[in-house]
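See below for the structure under consideration.
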Amino acid sequence: MGDIYPGHRWNYQLCKLVCAAKAHDLFVIDAPFGNFKDEAALAKSAAMACALGFDGKWAIHPSQVDTINRVFSPAQEDVDLAVKVLRAHQDAVDKGLGAVQVEGRMVDHATVKMARQLFERAKLLGMVPPSLANA
């Protein structure tokens, strides 16, 4: 289990911070990582913050930006799946259907909401072509 989440003395406070921010539709940014020369440790710290629900991480040195962006940016496959989910959901709504599936999985309201959030983040990052901007 330690490989998945090693534990952190501030876990409760970090989770409480994330939940409060998300409840108010706010972005929540993790604290900076001080050892700007240790890219592997920065990546691990950023991955943990991302797993806890943070939207980003402060950088204190330009050398940290690429690592932080890589960790917090969605994978292109996830963006493509989000587009499929949003299109399938809209198609179902247009046809008056009560349920829809994408790639063998049922799509519920929470799935649509997460797909919309990921899609909007990808748009902000320039990962969505203009032709799909209104998906």
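For clarity, every value in this text was computed on a predicted model and none was experimentally measured.
- Smallest separation of non-hydrogen atoms from Leu118 and Asp78: CD2-O, 3.7 Å.
- Checked for salt-bridge contact, Arg87 and Asp94 miss the test: no charged N lies under 4.0 Å from a carboxylate O.
- Nearest approach of Thr111 to Met106, heavy atoms of both residues: OG1-O, 4.3 Å.
- A distance-only check finds no donor-acceptor pair linking the side chain of Lys57 to the backbone of Ile29 [under 3.5 Å].
- Linking ILVMFWY side-chain heavy atoms closer than 4.5 Å, directly or via other members, places Val83 and Val128 in a single hydrophobic cluster.
- A pairwise comparison of heavy atoms in Leu52 and Val18 identifies O-CG1, 3.5 Å as the closest pair.
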Residue pair Val85, Met114: steps toward the side-chain contact (heavy atoms from CB on, under 4.5 Å) verdict: CA-CA 10 Å; Val85 167; Met114 290 187 313; over 6 Å; no

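- The shortest heavy-atom contact between Met127 and Val79 is CE-CG2, 4.1 Å.
- Annotation for Val102 and Ala88: closest pair CG2-CB, 3.5 Å, computed over non-hydrogen atoms.
- In the displayed structure, Lys16 atom NZ is contacted under 6.0 Å by at most 12 heavy atoms of other residues, nucleotides or ligands.
- The stretch residues 61-84 participates, sequence neighbours left out, in these ring-ring contact (aromatic ring centres under 6.0 Å, His included) pairs: Phe36-His61.
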Full working for side-chain contact (heavy atoms from CB on, under 4.5 Å) between Asp55 and Arg121: CA-CA 9 Å; Asp55 296 297; Arg121 176 180 290 195; 2.6 Å; yes

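- Within the model, atoms CG of Asp91 and CG of Leu86 stand 12.5 Å from one another, a figure rounded to the nearest 0.5 Å.
- A donor-acceptor pair is defined here as one N or O able to donate and one able to accept, closer than 3.5 Å; such a pair exists between the side chain of Gln64 and the backbone of Phe33.
- Rounded to the nearest 0.5 angstrom, Leu97 CG and His89 NE2 are separated by 11.0 Å.
- For the atom pair Glu39 CD and Ile68 CD1, the distance stands at 10.5 Å (nearest 0.5 Å).
- Closest approach of Ala21 and Val28 over heavy atoms only: CB-CB, 3.7 Å.
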Stepwise side-chain contact (heavy atoms from CB on, under 4.5 Å) test for Phe54 and Leu17: CA-CA 9 Å; Phe54 283 84; Leu17 179 68; 4.0 Å; yes

